[in-house]
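What follows is a set of notes on a single structure, which appears directly below.
In what follows, every chain begins at residue 1, and chains take the letters A, B, ... in the order their sequences are listed.
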Amino acid sequence: MSVSAVTTSSVQRSLRSGGRDWAGFVFEIVLLLSLLFALVTLFVLLADVLAKGLPVFAERGLDFLTSPLSSRPSQAGVAQGIIGTLIMAVLVPLFAFPVGVLTAVYLEEYAPDNRLTRLITVNIRNLAGVPSVVYGLLGLAVFVAAFAALGFGNGRNILAGALTLAVLVLPLVIITASEAIRAVPSTIREAGFGIGASHWQVVRTLILPSAAPGILTGMVLALSRALGETAPLILAGAVMGSFSTGGSLGEILTGPYTVLPIIVYDWARKPQADFRELTSAAIIVLLAVTLFANAIAILLRNRYVREW
Amino acid sequence: MTSTPPAPDGAPPAAVDGPAVSLRIDAATPLEPHATGSAEEQPVLAFRGVHFYYGSFRAVKDVTVDIHRNRITALIGPSGCGKSTLLRTINRMNDLIPHTRLEGQVLFHGENLYAPYVDPVEVRRRVGMVFQKPNPFPKSIYDNVAFGPRVTGMKGNLDDLVEASLRRAALWNEVKDKLKQSGLSLSGGQQQRLCIARAIATEPELILMDEPCSALDPRATLQIEDLMAELTERYTIVIVTHNMQQAARASDYTVFLNMAEDRAGYIVEQDETTRIFTNPANKMTEDYVSGRFG
Amino acid sequence: MTQATRTASGSSLVGRPGRRRSERLAKAVLMAAAGLSIVISVGIVLSVLAESIMFLSQIELSQLSAPGWFPRRGMYDLATLFAGTLMITVIAMLLAGPAGLLAAIWLSEYAGLGTRNRIKPVLEILAGIPSVVLGFFALTWISPNVVKAIFPTASTFNFLAAGIGVGILTIPLVASVSEDAMRAVPRSLREASYGLGARRTTTVLRVVLPASVSGVVAAFILAISRTVGETMVVAVAAGATGGSLFTLNPLGPGQTLTAAMASLATGSDQVTGDSAAYLSLFFLGLLLFLVTLALNVVGDVFVRRTRQRY
Ligand SMILES: Nc1ncnc2c1ncn2[C@@H]1O[C@H](COP(=O)(O)OP(=O)(O)O)[C@@H](O)[C@H]1O
Ligand SMILES: [Mg+2]
């Protein structure tokens, strides 16, 4: 409401007054303030988290990072979450990236221009807009159920979680990779074919290398997104509350698991005030992971804006 | 010229089908450079009643032309008359555009390039192409030239081949000290010569050039024209150009196309270049080459 | 038959069968990958659909309108959840709509290239903050320092704080889609406006904004879809307890479609097996899927319209 009031009056005034454009000046200030609002919010959020969380690190040091979950705030740590998040950082790309990039190559390079292809493309766009919590249902109904049926306990293991997140980010990977492939100038493609390279040779030796920065950016963004997701893993069986971690890799992959965002969620709901600080400390660790990934993606993209 | 069979010049498509087999086998014997092509010699390439369609739109109609060995054949005509389309039927680049169709025959040493068993990729390995805008790969100069031999799995010393190709493209002296630099770091004219080197590195018989100088300055243009003349010692060249002086200067044979009412390109006149430019048979040709339209 | 003869006689244009085979293999592998994406979307729909049908067959339809949403007590009042979702969406869009749009105008029409390239990454970082973190921020900072400061009677868990949190999360989306639309407006239109002696403000409001209206509409629709599907901010800050009575009070706690799903699956309240409460999870998922799908499809139409225009 305030917006339209400001805008219409500024138009009228700017049309009427012959002197200095005060209305325009005010308008620009309003615009700047809206932008500043987002930036200030980000700043306040980070400052608040750091103010509450850093004392935990000051007090407990590395102990907080290496301790397992516990219901006693003085002993609780995020080690299991870090392990879970790191395993996700390996498994999700493993499951999602090859399929995603190959799908993008197929859609951009091989698929005939027909109804079915357009249907698939639209379908993928829509999948990207499906709320993440719905992917949790898929994880629960398909992956958790499958692992349970195969005899892996209740099926609520990190493999099921990783598959869920992989499916979640798959559309994002496909869309960004498609855009990167589409951005490769057609002159390069033509030159390759003109020399007698086969279609796959053109794709492998010319198009994929040229599109690599864009594809990589999308991958890192997707990874950052996956590592910050909570809702799908609540459904797909991440453990809330403490548990004991198995020793061998097999036990870790098929036993109970958690990840950093789940710990944040779990602790945020705890009534004890001590857990407020612990939550902030856990958020610092989580943000360190996701913002780091994000920053890399942004850098990658800005660095290789276009070579040709 | 000892083994030259009777030329299929002007023969209707049906008649070509018969002798085609023997012609093709004949063509498999190694090629030696010829001083000049002549009308009786078997053409390297022959269009026989070619029509080309983009969807339902006919862009080229009823083209019959012979392209002779070691000569430069120029395709000229107003913009949009189908020169590029015709050129790209030779290496089947048009196959990459969906919903396109060719009628008639394009015979390469008597073998129909559009026969069902022919692999377009194989065709493109025998026919090099140079594009309107220089389009080196975003790779090093060396890798640009080595690209073709690598993808076609050519045997032999790659370094030597790269050097020989760059020398033939009259670029070696300028780049021999910076083979690792990006091909994109070169000037426009150098880039186009790099593209020529890249095209000849796979040792094609035929080189197609689609307005190769239109993005270049006059000096670079002259360099490319000189280069083309040298290349005819080993290669046969088909060039599309909108530049009348270039066609007159650089080509041996000229094909003039124009658009019919339905926008389909057709051949108005074709002849030795000197004749087209000094004494054309058709009034339209005379008007066009003297710059009165187009 | 001539074809066979020719091939047998050693045409050089046939190509190596090995290469043709590897081409076919590459294509087959790529096609399989693309097929997987279809399998996944069909999988989502089927897995959600089957259990939803089971849910509907297990309950009386009258249970879908009750005084509130208490799945463990057989009260599945959809109005409660839709009211909550609506409140969150309205609050979030009242914040993200103007803030995102105005920020987009500044970035597209006022900021120099350098400034813009420095500020956009910051917005992207804001977009990259996990929603559970914003939920915590909404609960522990926005709720006491903003909501309760203005409305002292508000409860700690409340829709307003959650809605503001969701709005903050959505600003970058509105800003980036709107900005793309505005930058797609051809420079010639702006120059024509300036040529007529119009001021910058007039040009922006009378020329650029109308020309990019499809894109701005798309930004808003996609943002609404995003706020409807946002889960963690609401689950943390709006008090996703076991259930909620129907409420339209933004200062009190309550549940949304998404928060109800999270709480059904959370911790000690976690429901399992074939109970109707467990199955209701899938029914909510289906509703959510359909609502966001409809919004995304409409939003996509507008996005495509901007692309076609110029
Ligand atoms: N990819 C294409 N799809 C449809 N029509 C095309 C395509 N390429 C060219 N054309 C049409 O075919 C005709 C001939 O084009 P072109 O061969 O490029 O002409 P020229 O090279 O003589 O200028 C033109 O009418 C052009 O619009
Ligand atoms: Mg052309």
Scan the side chains in residues 286-296 of chain A for donor-acceptor partners under 3.5 Å anywhere in the protein, sequence neighbours excluded, and list what turns up.
from: A:Thr290; atom 1: OG1; to: A:Leu286; atom 2: O; distance (Å): 3.3
from: A:Asn294; atom 1: ND2; to: A:Ser224; atom 2: OG; distance (Å): 3.0

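- Looking at B:Lys133, neither its backbone nor its side chain comes within 4.5 Å of chain A, counting heavy atoms on both sides.
- Side-chain contact between B:Val121 and A:His199 is absent, with no heavy-atom pair separated by less than 4.5 Å.
- Interface summary for chain A: among B:Val127, B:Thr152, B:Leu96, B:Thr202, the most heavy-atom pairs under 4.5 angstrom belong to B:Leu96.
- Residues B:Arg198 and A:Ala191 share a closest heavy-atom pair of NH2-CB, 3.3 Å.
- B:Arg88 touches chain A through its side chain: at least one heavy atom from C-beta onward sits under 4.5 Å away, while N, CA, C and O do not.
- For the pair B:Pro138 and A:Ser210, the minimum side-chain heavy-atom distance is below 4.5 Å.
- Looking only at side-chain heavy atoms (C-beta outward), B:Phe147 and A:Ile195 come within less than 4.5 Å of each other.
- Of the listed residues (A:Thr187, A:Ile188, A:Thr205), just one forms a side chain to side chain contact (heavy atoms under 4.5 Å, CB included) with B:Phe137, and that residue is A:Ile188.
- Annotation: B:Phe57, atom CZ; neighbour count of heavy atoms from other residues, nucleotides and ligands within 6.0 Å is above 12.
- Put simply, CE on B:Met129 and CD on A:Glu190 are 7.0 Å apart, with the number rounded to the nearest 0.5 Å.
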